[in-house]
Peer 1: 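Quick one: the structure is below, and I'll ask about it shortly.
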Amino acid sequence: MDSKRLSRRQFLTGAAVVAGAAALPGITNIASAVATPATGFPGVLTPWVPLNVTAAARQGYEIYRGKHAPFQSG
């Protein structure tokens with residue numbers, strides 16, 4: 001190819017970089033994140049309940065152990 005011509009791959013790469021740079025300010029948010037919501041979530045009838053970390057970890061371990069345990073007949 002001619003050295004002055006732009007290939008399709010180079011054009012698409014450049015277009016993706018420009019689109020990503022243009023979308024970056026919309027994606028990033030300057031507002032700080034809040035771990036517990038100050039107000040309720042719209043459309044949700046049940047209140048937010050704090051997570052029991054120990055119970056969640058135990059349940060995850062039991063699921064992992066069940067998937068990766070050797071086969072047991074019985």
Side-chain angles (χ1 to χ4, degrees):
M1 292 190 104
D2 189 22
S3 64
K4 294 183 180 182
R5 297 186 78 169
L6 191 63
S7 72
R8 184 179 302 146
R9 182 178 291 163
Q10 290 171 332
F11 172 76
L12 291 176
T13 303
V17 168
V18 169
L24 191 60
I27 294 171
T28 59
N29 189 0
I30 305 228
S32 62
V34 179
T36 56
T39 61
F41 294 109
V44 179
L45 300 177
T46 57
W48 183 74
V49 180
L51 177 67
N52 183 348
V53 178
T54 307
R58 185 66 182 176
Q59 182 181 11
Y61 175 72
E62 292 294 334
I63 291 170
Y64 173 81
R65 191 175 75 177
K67 285 184 177 181
H68 299 288
F71 177 73
Q72 298 174 357
S73 62

Peer 1: Got a sec, which pairs hit salt bridge (Lys or Arg N to Asp or Glu O under 4.0 Å) with one end in residues 48-62, sequence neighbours left out?
Peer 2: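 The answer is Arg58-Glu62, Glu62-Arg65.
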Peer 1: Honestly curious: do Leu12 and Leu6 fall in one hydrophobic cluster under the side-chain, below-4.5 Å linking rule?
Peer 2: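 Looking at the clustering, Leu6 is in the same group as Leu12.
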Peer 1: Tell me every residue that passes ring-ring contact (aromatic ring centres under 6.0 Å, His included) with Tyr64, counting only those two or more places apart in sequence or in another chain.
Peer 2: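 Once residues adjacent in sequence are excluded, the partners of Tyr64 under the ring-ring contact (aromatic ring centres under 6.0 Å, His included) criterion are His68.
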Peer 1: If the condition is side chain to side chain contact (heavy atoms under 4.5 Å, CB included), which residues does Arg9 pass it with, not counting sequence neighbours?
Peer 2: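 With sequence neighbours excluded, Arg9 shows a side chain to side chain contact (heavy atoms under 4.5 Å, CB included) to Ser7, Thr13, given in chain and number order.
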Peer 1: Please enumerate all residues that pass side chain to side chain contact (heavy atoms under 4.5 Å, CB included) together with Ile63, with sequence neighbours excluded.
Peer 2: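 Expected list: Gln59, Lys67.
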Peer 1: Over all heavy atoms of both residues, which pair between Arg5 and Gln10 is shortest? Give the atoms and the distance, please.
Peer 2: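 Residues Arg5 and Gln10, closest heavy atoms: O-OE1, 4.2 Å.
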